[in-house]
Amino acid sequence: MNLVDKQLVKNKMGMRLIRNKLIKQLFLMATLFAIIILGTLLYRIFTQGIGYLDWEFFLSFASRFPEEAGIKAAIIGSLWLMAITAPISLILGVGTAIFLEEYASKNKWTRFIQMNISNLAGVPSIVFGLLGLTVFVRLLEMGRSIIAGGLTMSLLILPIIVVASQEAIRSVPNDQYEASFAMGATKWQTIRRVVLPAAIPGILTGGILALSRAIGETAPLLMIGALTFIAYLPENIWSGFTVMPIQIFNWTSRPQEEFHYVAAAGIIVLLVMLLIMNSIAVFIRNKFSKRY
Amino acid sequence: MVAREQFQLDLKDMKEEIIQLAKYTEAALVSAVDALYNQDMALAEQIIEKDKDIDKKELDINNKAILLIAKQQPVAKDLRRLIIALKITTDLERMGDHAKNIANATIELGEHHLLTVHPAVRDMRDIAIEMVKVAVNAIRYEDISVAGKLSGMDDSMDNLYETIIREMLEETATNPEKVQYVMQMAFSARYIERFADHITNIGENILFLVKGESYNLN
Amino acid sequence: MVAREQFQLDLKDMKEEIIQLAKYTEAALVSAVDALYNQDMALAEQIIEKDKDIDKKELDINNKAILLIAKQQPVAKDLRRLIIALKITTDLERMGDHAKNIANATIELGEHHLLTVHPAVRDMRDIAIEMVKVAVNAIRYEDISVAGKLSGMDDSMDNLYETIIREMLEETATNPEKVQYVMQMAFSARYIERFADHITNIGENILFLVKGESYNLN
Amino acid sequence: GNGDGSSSAEEEQKVEVDGSSTVFPIMEAVAEEFSAENPDVKVPIGVSGTGGGFEKFIAGETDISNASRPIKEEEKKLLEEEGINYTEFKIALDGLSVVVNKENDWVNQLTVEELNKMWSEEKGVKTWADVRDGWPEEEIEFFSPGADSGTFDYFDEVILDGAQIRKDAALSEDDNVLVQGVSGTKNGIGYFGYAYYLENKDSLKVVPIVNSSGEAITPSQETIQSGEYEPLSRPMFIYVKHESLKNDTVYNFTKYALENAGSMSEAVGYVALPDSTYTDALNKLDEITEK
Amino acid sequence: MLTVERNRPMASSISPIKDNSIYTVRNFNLWYGADHALNDICMDIPTNKVTAIIGPSGCGKSTYIKALNRMVELVPSVKMTGSIDYNGQNIFNPKFKVEELRTSVGMVFQKPNPFPKSIYENVVYGPKIHGIKKKQILDEVVEKSLKGAALWDEVKDRLHENAFGLSGGQQQRLCIARCLAIEPDVILMDEPTSALDPISTLKVEELVQSLKKEYSIVIVTHNMQQAARISDNTAFFLNGEVIEYNKTDQIFSNPTDKRTEDYITGRFG
Amino acid sequence: MLTVERNRPMASSISPIKDNSIYTVRNFNLWYGADHALNDICMDIPTNKVTAIIGPSGCGKSTYIKALNRMVELVPSVKMTGSIDYNGQNIFNPKFKVEELRTSVGMVFQKPNPFPKSIYENVVYGPKIHGIKKKQILDEVVEKSLKGAALWDEVKDRLHENAFGLSGGQQQRLCIARCLAIEPDVILMDEPTSALDPISTLKVEELVQSLKKEYSIVIVTHNMQQAARISDNTAFFLNGEVIEYNKTDQIFSNPTDKRTEDYITGRFG
Amino acid sequence: MSKSVSEIIKEKKRRKFLPGYLEKAAPIIFGICAVISVFTTVGIIFTLVIETITFFNRVSIIEFITSTDWYPFTEKAPSYGILSLVSGTLLITFIAMLVAIPVGLSTAIYLSEYASERARRIIKPILEVLAGVPTIVYGFFALTFVTPLLKGIIPGLPIFNALSPGIVVGIMIIPMIASLSEDAMSSVPSSMREGALAMGATKLEVALKIVLPAALSGIIASFVLGISRAIGETMIVAVAAGSTPKFTLDVTESIQTMTAYIVQVSLGDASYGSTIYYSIYAVGMSLFVFTLLMNLLAQYISRRFREEY
Ligand SMILES: Nc1ncnc2c1ncn2[C@@H]1O[C@H](COP(=O)(O)OP(=O)(O)OP(=O)(O)O)[C@@H](O)[C@H]1O
Ligand SMILES: Nc1ncnc2c1ncn2[C@@H]1O[C@H](COP(=O)(O)OP(=O)(O)OP(=O)(O)O)[C@@H](O)[C@H]1O
Ligand SMILES: [Mg+2]
Ligand SMILES: [Mg+2]
Ligand SMILES: O=P([O-])([O-])[O-]
């Protein structure tokens, strides 16, 4: 008894193959669509901005003359901000991930924390801006300082880092723990010497991607009132600061068209910075990713 | 759950073949003794011819057993089953040889000799055949209680043999010219006695199969 | 790379033990024939006693071979090595039995009988001993060219045996009162002949080991 | 006057400025120049909007608050509550420019009434013909700065008297976006700061507005400064905290700002006040600090 | 790309039996990049028999059976010469559709890989993609295939539970059932029991033996006893070459080639 | 929690030999939640012998050897009664530190699980966590352990390469070396070759046999032939009970219990 | 070796105390880290709730939830009906997802199932760059490139409309959806693909019937993140959608979203302490509740559709 009609199967084959081919083209077009848009965008930005992109641009502060305007303060401000955000968010994020994955017993509380974190990951950045303004700037009287901005940003990307770190820690196979425990290692020794080293690529990749989100964020910093013009470099974490996206935002809203080109130059710098960070992430991913 | 069905079947087949072979040897012995009594040269020739089949059969079972060992990695009882298959067939083949030897003796004695075969030879044959039957049951049911009987039967066989030899020698003393014939006759009795010994070996093998230890029933 | 070192060692040990056993049987035969010639009852007794060792040794090797099969899942030649170990030891044990049988015959003949042992029995013994040596080499080197020789030697053995039997029967014809003695003597010759047959079996086994097919050298 | 105060040594040389984004370019220019002359002084400027600026001013976080509208009553009250004394200085003028598309060849001037009619929610103007007979019967599209900007506030107050602006107006926080809107829409009309018009002169057509004396005035440096361009010319302010002025740095900066506000505002596209206003302001400053 | 490179005299090991062959492989070579993974394979695979392929790790067993249903092409760097005829047709012929080939040549993998769907859905996946939609036929297919894979009794009451709830051995038999559902002629199995425990292994082995009545089976295994137990013919591969191809009984009792003997007795190269 | 529940007469299977025992297990019971996984185990494990544990999947083999170094406690729901004495000391005694136990009882797992570090770092992991820092000592430890695990010659020129570059069998021997580095007295192995190909398996088996001179080894395997090949004594587990514990030769040639026989001959339950 | 390793170890054991403390301290330290994340939420809620309460003291909560008029800036009769902001937000989100899901998913399928390893290695980072472009850039892209383009297709399309920024928000989240979905799809074990291919399935059938369902929970997660981003997106909308709160589902109209409103006010003139000032917290609160519900829904869905492998 044959249930499968071989002839029918054969007949249908042609149609299936054609459909496969056609839809593949469709998928390819979708992919190209995104790439073409990116190309258009980049083309527009580069043609506008490249003329303003010279050494001076990196070495000057903002100015009322488009030709003299530079991005120095913003770059340094962004770097300062990252210097606060990176360690804080990484320490908190990885710590939380370790707690949830390694120490917490699987009860209601951990589930609550877990849900809380995945929910935070979806909260709009502007809401974090409100939080930063109320808590750090006002309540804790930090003012519009790097530390206030850094903390706000840290909280913003904390959930992303926690999730990425959890993922990385979880992907360390169980047999690695067993191997370590079986040699008489304690829990903390196991985490420090086995789990973290194995998870570090995943954590760093997630961390860098999160930071590159932070470095491009405008809205929350606008909310806490980051500065726009400063003609000096921040000295400590209590200093005021500006960052690249704010500077770019400011330039784009100027009446003079030349400033729009300056903004484009700023965007190029920001993009290059992002590109570098992404490449580092990719590099880490490729170089250190271990197959188990 | 019954696992390794194929293997089980193979083992069962092998057992049947061994029993078959035992039956062949039994038949050979019966014919051989008949030929001896009846001075039936043709039958004797036939027995000699048929022994080749027994030899072939032995080889066959042997090869199968070895193949099964190679392919099925048997251990414990399964392994012993195959090992004793090798041993029992060797014994059976020798038993066949002994029947053939009797047939040879019959031919050696030739037709129309006047010697009467000692009637107890028939008794020996009967015991031997009884023993084969017992052995076949022991093989079939892997039953050591049955196998144990063989030892006793072999004893009576040995007694019979000694009686026969003694009586024949006495006869020789009175009929020296018959010496050659008596010798053949004695050899024939000896063959049946050896036949029984081999059956006893089969019994030992069954004991080994079941208990996992080697015994000496002789 | 040599793998399964332990198994290799075990196989080598086993081979040595088989050779050892072969040497025992050889010694037993030599002694048995000596005892027969010299009517040395003490020696005969000793041989009968020593046969128990041979039996034990056989069992020993047997068990080891079975254990190795159970534990090492051998196939192909490795498996055949173990299978023939089983078979060769059976043959060797039988060879020991035959030496014992000669010793028994010696005892049966008793001291101070006047019968001279047929001198060719010595020749038979020599051939048998030569055959054992050949077989040992065949075993040791797994050498079929050597094993092949056994067939020819066995033929001369058979010839000798027939000559002896014939001559002895002739003698009996002249000395009818010696019939019982002659019979024992004939049996003894027969034992040596069987001894050689078993050696031939060993040769067959070596052929089987090397070629993977069964041969009949008889 | 340069710092003679003995206190300047320990006080930080920093002036905190925040507030309106409209005023920002002027103060940025001032700060840029001031910093060039006084490299040790830090003048950070934020753009929290006029409202946000006052919020910080009230919280005592800033020394100077930029505003594109005068301070409101509730803000005054809060400052009072906090015990903060301050002075308001006008620093420049902006002429809200009403613009139409380049292809629009019928609108040559508008009166305040017409503007009112056009922009009110209630009056139901749909097409140009509804505004003035003879104009084409084409639907007008309105562009306006976002409802929370000083510019909108001022326009709403001056033209609509605080009434609801028409709901179908396209609002945008970014004046550049409005420029795009009007220059890209044939029947578009919009208004925004003078600087945005100046920068986009070539792609827009500015509409002369009939002032209270009945003259149709085109916004320009002169007409705005002289006050002829009204009522759509509005002042811009800075509010300075008295307490801060005790600090020489703040005082110096304020002084510098008032001295240079005129030229700086022109440089970034606004209009300077008459010189006298600045002189008065400087006097007032000295009064406050009793110097 | 795929041409018969040369016509060397056919080795004696091409076919252990004179029966019909479902596959005829001639002078087949395969490279992964520059790595010559299969070297001049000539081999006939008989119909309705179990053909085992044994050999040390990396000798090309998997590569070979993946070539038989052209799954090996999924590796981008693969290059091939020589011919593989399936039922007399060259499978590399451009007219020969790979999907059709794979429809009549089923494959079972080393690790059970059921889809994360219900048992029922797993089995009907094949028929469904091939356009069989009638519920009634599908139901029949499921029952027949699961029975064929000796799994029906164990799962008939939970056909709609997720297949991942089954034990490893059951999963593997489900994969076999899935494969039977499209009624292939050949089943290729790549170490189908190496991830299973001994009981499950025995069950799958028995299944394989019962399947050969209706299917031609090629099974890769590095469990030599398994090859010995269940196959009719065995090919021994070494470094991408067929060293010996013969009746299984022969291979395991008396191989012709020293290397085969070394391998099966556990002595290796 | 851990008390000797009752004192049943000692079964004859407690110890197959009269030698010294390194472990003395008495009336040991273990539950996973309500699931009674080990039932009244009494078993002495002799010093410097290889003790194999066989039994069908799920019979509690892994559970048992994980109990021997208290790794089983990592499962939260575990409850135990009875006693396990290691060198005469009850390992559940609160004074007995689990880390110390695990230091002198090494463990090797089913799947080779080297750390993703260099070969060198893998071996010195144990000594390092136990506070040994001197480079010179560590170097010696590495050489000695790798030699002990019969791996030194294969890796001595690439000690600082990543351990993941090794083959499966080499990885498993590295894990053994890692375990030897802290000089344990006992090595527990849970199916150490089930993930390996036959060659690697044989190598590890040979290693195990050579290690028993210095270490007491307990090896879980469901490859019965492996147990037969390498162990001195074998325990057969079924449903959490020790059915038979005896000399390996005895178990594989002539087991006492019908169930043992059924299992080893592949007939199961 | 002078002393055996096991002896050294025993000696060290006797002398060490510190690890014990570290061992005990570690979970506490990490626990504190975890609690901070909870505090973040508490902080957000606290911040929002306090100011929102003040707001609702002035404006009826009923009006806030039910009214469709949002005219906070008129001095005479300001109305606070969040629905128009919500509708704006939803409109943008809906358009964005309409663009991003098909394109992003198609891209993911293409990359994971069809593209060569090389193509994937090149295209994925390119897409990630697309995700990193500052949103303000996208805003102007929408206004000066996409809107005129759309005008060509829809004559009479106003310069500010929901459609153009919606599309561009969609474009902005394509990389996110493509990249995350691709991750989810390529982590489906290849054994499953092989299983299907070996039965004669075409790549399309493998992709749609095997890989997609198996990766569904990851894919849904990427949608959720995409939707969250679309809801939370500020700058693009602020630039290109105008700032006219309107309760409408007409994509050609100018609208305002919740986020755009918050930015508008925080950069604007409204005075501190005014109702408008507090309204941004109320809107923020709504936004938070909105995303919370979204996430809960998403978690439910992804649990429901998870296919374990
Ligand atoms: N995708 C691949 N790319 C490159 N080389 C490969 C690939 N797959 C296999 N090889 C190489 O081809 C050779 C044969 O591999 P194959 O997987 O066929 O071996 P195998 O006999 O199946 O081994 P195993 O028993 O380990 O499964 C090996 O040298 C292997 O390294
Ligand atoms: N972590 C656990 N939680 C609950 N039950 C478990 C756990 N681990 C094992 N079990 C149960 O305990 C019993 C014994 O399991 P164990 O892993 O010891 O078996 P095993 O003999 O090692 O089997 P295998 O040969 O499959 O490794 C099984 O019934 C199993 O389901
Ligand atoms: Mg393979
Ligand atoms: Mg286990
Ligand atoms: O920034 P504003 O000038 O509109 O307050």
Side-chain angles (χ1 to χ4, degrees), chain A residues 16-17 19-20 23-24 26-28 30-31 33-35 37-38 40-41 44-45 92 95-96 98-100 103-104 113 115-127 130-131 134-135 155 158-159 162 186-188 212 216 218-219 222-223 245 248-249 252 267 270-271 274-275 278 282, chain G residues 19 22-23 26-27 29-31 33-34 36-38 40-41 43-44 47-48 102-103 106-107 109-111 114 123 125-130 132-137 140-141 171 174-175 178 202-204 224-225 228 231-232 234-235 259 262-263 266-267 281 284 287-288 291-292 294-295 299:
Chain A
R16 289 170 46 213
L17 291 177
R19 197 167 53 207
N20 178 41
I23 296 183
K24 175 185 173 179
L26 227 62
F27 289 152
L28 176 62
T31 309
F33 171 75
I35 292 175
I37 296 223
L38 178 74
T40 319
L41 251 177
R44 289 162 60 94
I45 293 167
L92 283 182
T96 305
I98 291 176
F99 178 77
L100 288 176
Y103 287 105
I113 295 180
M115 213 193 68
N116 185 43
I117 285 167
S118 57
N119 186 51
L120 272 182
V123 171
S125 55
I126 200 152
V127 173
L130 288 175
L131 170 77
T134 313
V135 175
L155 293 188
L158 181 63
V162 173
T186 61
K187 183 144 197 165
W188 170 238
S212 51
T218 323
L222 284 179
M223 295 302 303
I248 292 165
F249 176 59
T252 55
I267 291 169
L270 184 55
L271 280 181
L274 284 171
L275 209 60
N278 278 340
V282 170
Chain G
L22 252 175
E23 208 57 46
I29 295 169
F30 297 131
C33 292
I36 286 180
S37 88
V38 179
T40 307
T41 310
I44 289 176
T47 308
L48 296 176
V103 177
S106 300
T107 306
I109 294 175
Y110 183 78
L111 289 183
Y114 289 97
I123 293 176
I126 291 181
L127 286 179
E128 273 161 14
V129 171
L130 199 55
V133 175
T135 51
I136 182 77
V137 179
F140 279 93
F141 181 69
I171 288 170
I174 285 173
T202 61
K203 279 196 169 183
L204 180 68
V224 170
L225 266 177
S228 301
I231 291 175
T234 315
M235 290 306 178
T259 51
I262 297 176
V263 168
S266 65
L267 291 181
Y281 287 93
L287 200 51
F288 180 77
T291 45
L292 181 71
M294 260 273 319
N295 279 307
Q299 275 174 25

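Just the heavy atoms: all of them, side chains too, but no hydrogens, waters or symmetry mates, feed the values below. Letters A, B, ... mirror the listed sequences (proteins, then strands); counts begin at 1.
- Between chain G and the options A/Ile45, A/Val135, A/Leu158, A/Ile267, the largest number of non-hydrogen pairs under 4.5 Å is found for A/Ile267.
- No side-chain donor-acceptor contact under 3.5 Å links G/Thr47 to the backbone of A/Thr134.
- Using a 4.5 Å cut-off between heavy atoms, A/Arg44 touches chain G through its side chain atoms alone.
- In plain terms, the two heavy atoms of G/Ile174 and A/Ala34 that are nearest each other are CG2-CB, 4.0 Å.
- Top candidate by heavy-atom pairs under 4.5 Å with chain A, chosen from G/Pro27, G/Pro102, G/Ser228, is G/Pro27.
- For chain G, the nearby parts of A/Leu28 are the backbone and the side chain; heavy atoms of each come within less than 4.5 Å.
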Checking side-chain contact (heavy atoms from CB on, under 4.5 Å) for the pair G/Lys203/A/Ile23: CA distance, chi angles, key distance, verdict?
CA-CA 10 Å; G/Lys203 279 196 169 183; A/Ile23 296 183; over 6 Å; no

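- Taking both residues in full, the closest heavy atoms of G/Ala26 and A/Trp188 are given as CB-CE3, 4.0 Å, listed atom of the first, atom of the second, then distance.
- Only the side chain of G/Leu225 comes within contact range of chain A, judged by heavy atoms closer than 4.5 Å.
- The residue among A/Thr40, A/Leu17, A/Leu41 with the most heavy atom pairs within less than 4.5 Å of chain G is A/Leu41.
- Within the 4.5 angstrom heavy-atom criterion, atoms from both the backbone and the side chain of A/Leu130 approach chain G.
- Annotation: the span from A/Asn119 atom CG to G/Met294 atom CE amounts to 9.5 Å, rounded to 0.5 Å.
- Remark: A/Arg16 CZ to G/Leu204 CG distance equals 10.0 Å, nearest 0.5 Å.
- Proximity to chain G (any heavy atom under 4.5 Å) is restricted, for A/Leu270, to the side chain, taken from C-beta onward.
- Both the backbone and the side chain of A/Leu92 come within contact range of chain G, judged by heavy atoms closer than 4.5 Å.
- Between chain G and the residues A/Lys24, A/Met115, A/Arg19, the most heavy-atom pairs under 4.5 angstrom are made by A/Lys24.
- Between A/Ile117 atom CD1 and G/Thr41 atom OG1 the span is 8.5 Å, to the nearest 0.5 Å.
- Only the side chain of G/Thr234 comes within contact range of chain A, with at least one heavy atom under 4.5 Å from a heavy atom of that chain.
- Between the side chain of A/Asn116 and the backbone N or O of G/Ser37 there is at least one donor-acceptor pair closer than 3.5 Å.
- Taking G/Tyr114 as the reference, A/Asn20 meet the side-chain hydrogen bond (donor to acceptor under 3.5 Å, both in side chains) condition, with sequence neighbours excluded.
- Residue with the most contacts toward chain A among G/Thr202, G/Ile36, G/Ile29: G/Thr202 (heavy-atom pairs, distance under 4.5 Å).
- Between A/Leu120 and the options G/Thr291, G/Thr40, G/Asn295, a side chain to side chain contact (heavy atoms under 4.5 Å, CB included) holds for only G/Thr40.
- Scanning for ring pair (Phe, Tyr, Trp, His ring centres under 6.0 Å) contacts around G/Tyr110 gives an empty result, with sequence neighbours left out.
- Among the candidates G/Leu111, G/Ile126, G/Val137, G/Leu127, the residue making the largest number of heavy-atom pairs closer than 4.5 Å to chain A is G/Val137.
- Contact annotation: the side chain of A/Leu131 never approaches that of G/Phe288 to less than 4.5 Å [non-hydrogen atoms, C-beta and beyond].
- Only the side chain of G/Ile171 comes within less than 4.5 Å of a heavy atom in chain A; its backbone stays farther off.
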How far apart are the C-alpha atoms of A/Phe33 and G/Thr107, what are their side-chain angles, what is the distance that settles it, and do they pass the side-chain contact (heavy atoms from CB on, under 4.5 Å) test?
CA-CA 9 Å; A/Phe33 171 75; G/Thr107 306; over 6 Å; no

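- In this structure, the portion of A/Tyr103 lying under 4.5 Å from any heavy atom of chain G is its side chain and not its backbone.
- Distance CD1/G/Ile123 to CD1/A/Ile35: 4.0 Å, rounded to 0.5 Å.
- Both the backbone and the side chain of A/Ser118 come within contact range of chain G, judged by heavy atoms closer than 4.5 Å.
- A/Ile126 is listed as a side-chain neighbour of G/Leu287, based on a closest heavy-atom distance under 4.5 Å.
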Step-by-step side-chain contact (heavy atoms from CB on, under 4.5 Å) determination, G/Leu48 to A/Val127
CA-CA 9 Å; G/Leu48 296 176; A/Val127 173; 4.1 Å; yes

